[in-house]
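One structure below.
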Protein chains: 2
Amino acid sequence: MAATRPSNPLALAVLVLLWERPMHPYEMSSTLRERRKEDSIKLNYGSLYSVVESLQKRGLIEAAETVREGRRPERTIYAITEIGAQIMVDWMVELLSTPKKEFTQFEAALSLAGALPPEQVTELLAQRLRNLHFHQTAADAILAEAAAVRMPRLFMIEAEFSQALLKAELAFVEQLLAELRAGSLSGFAMWQRMHELRRAGVPPEEIEAKLGVEFADDLAFAQDDHALADDEGAT
Amino acid sequence: MAATRPSNPLALAVLVLLWERPMHPYEMSSTLRERRKEDSIKLNYGSLYSVVESLQKRGLIEAAETVREGRRPERTIYAITEIGAQIMVDWMVELLSTPKKEFTQFEAALSLAGALPPEQVTELLAQRLRNLHFHQTAADAILAEAAAVRMPRLFMIEAEFSQALLKAELAFVEQLLAELRAGSLSGFAMWQRMHELRRAGVPPEEIEAKLGVEFADDLAFAQDDHALADDEGAT
DNA sequence: GTTCGAATACTCGACTTCGAGTATTCGCCT
DNA sequence: AGGCGAATACTCGAAGTCGAGTATTCGAAC
């Protein structure tokens, strides 16, 4: 039986915390909160407890003792096992060294944006841009505060990463917006025409046919890869 | 009863496809594949069928007819409802206009990287950098091919976005790596020392105590925010 | 001494996700 | 005429996710 692991990164956080020292689940959650790790690792109670149970079942952690403090309910203190420590390292190695496609909601929406008319998409992206600027300001403030109290950058490296991505998204949206406003994105006219026809109540098949005629160049790529490939060979 | 929606973006893709024209589930999956949308929207059969069922239960789509072609098994063709079309628009509006924190595995790993010794993390990030370069080359090739066959950029805008993020990650990792190699990231020495002590078998509490003494400046920020705030007021 | 909000510490079950597995059929090659 | 691989079209159940809800207790103020 190969030692398997849960898929939720929260389980990795649990392993790391227990690698530092034994703890009970609630303490894990408050420690993560204190260290601002909830900004980079999705934390919610339901998942925490089920993840801990799952780790225990797999033998990656074990109950060390149960204590009661004051008249508080009993808490189970967990400790990492040797296998658990091994798995933790393996997991970290994988996540750090091997990039894996992450699907974002925005990327999904972008890829389906053709379903809204271009004017509306432009409007919405303008809105997004304002929101992104707002988030950036907030993130800047947090990092500035950390620098002000002389917190070592090591402790917030993930925030710096997150900010780098935010900046990249901002630049992308800004650029895209400019192209939409200029109408210079190839395919734009077809997109507009398609929505015009839909608004006029033209049925799907007819729209497809009309567009195929009106925008033959834009759609040429889809016709026949063979022919194209052959052409290239011939010329 | 407010019309709710499933949370999986695949459901949004289904709505958009059915907004274009009625289809059966398998056709949805092949259409998405043809249009390369599987690169930006996670597609798997199990999810597809359960998402379709969920959409139907909520009245966002409906079975239009069931046909059998040749001797293939029966297929149910679905169509979008009016409510479904409305929800699709709402959903798109939300996703495009409002950025929402997305948790990536890499960000999680970065935030926990302290659990591995700095030398190993450096090594792993170097590996990641090589992998990222490789992925970038592949992504470039896909976009170049699209340009070569004159596919309108509109159809691959999500790929451009994805590439922008990839580029940003590359730059970040490169920069971080440089700082790690130079040992110039603040907190680096403490990080090294911590692993040195662990390797020597020093127990958790003692490590914490020792580091507190040896790296008092690095850890000053955590002591007492009040005192600091007061100091600022006083000076 | 009591009230009241914040913090502690979890539970529950409905909903989602996942991907490997199954069964069929088409079309080509021999 | 038969065999085989690719494509078609889905099913199933185990596992994971989620956040609202519950119950308690501590501490400070009144």
Is any side-chain heavy atom of [Y] closer than 4.5 Å to one of [X]?
X	Y	value
N44(B)	L10(B)	no
S40(B)	L110(A)	no
E20(A)	P204(B)	no

Aromatic ring pairing F106(A)/F161(B), orientation class (parallel under 30°, perpendicular over 60°, tilted between):
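Plane angle over 60°, so perpendicular.
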I'd like to know if the side chain of T98(A) and the backbone of L95(A) have a donor-acceptor N/O pair within less than 3.5 Å.
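A pair under 3.5 Å: no.
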Keeping the roles fixed (side chain from S97(A), backbone from R128(B)), state whether a donor-acceptor pair exists under 3.5 Å.
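It does not hold such a pair.
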I need the [atom1]-[atom2] distance between [X] and [N], as an integer number of Å.
X	N	atom1	atom2	result
E27(A)	dC10(C)	CD	C1'	15 Å
N8(B)	dG19(C)	CG	P	12 Å
L10(A)	dG19(D)	CG	C1'	14 Å
L55(B)	dT17(C)	CG	P	11 Å
E34(B)	dA7(D)	CD	P	12 Å
K57(B)	dT16(C)	NZ	C1'	12 Å
R75(A)	dT24(D)	CZ	C1'	13 Å
F103(A)	dT16(C)	CZ	P	20 Å

Nucleotide nearest S50(A) (side chain, heavy atoms from C-beta), chosen from dT17(D), dT16(C), dA7(D):
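So the side chain of S50(A) is nearest to dT17(D).
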Is there a residue in residues 36-49 of chain A whose heavy atoms reach under 4.0 Å of DNA chain D, and which residues are they?
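Here the set is K42(A), N44(A), G46(A), S47(A).
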Which part of the nucleic acid, if any, lies within contact of S7(B), taking any heavy atom under 4.0 Å across all strands shown: a base, the sugar-phosphate backbone alone, or nothing?
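Sugar-phosphate contact only - S7(B) comes under 4.0 Å of backbone atoms but never of a base.
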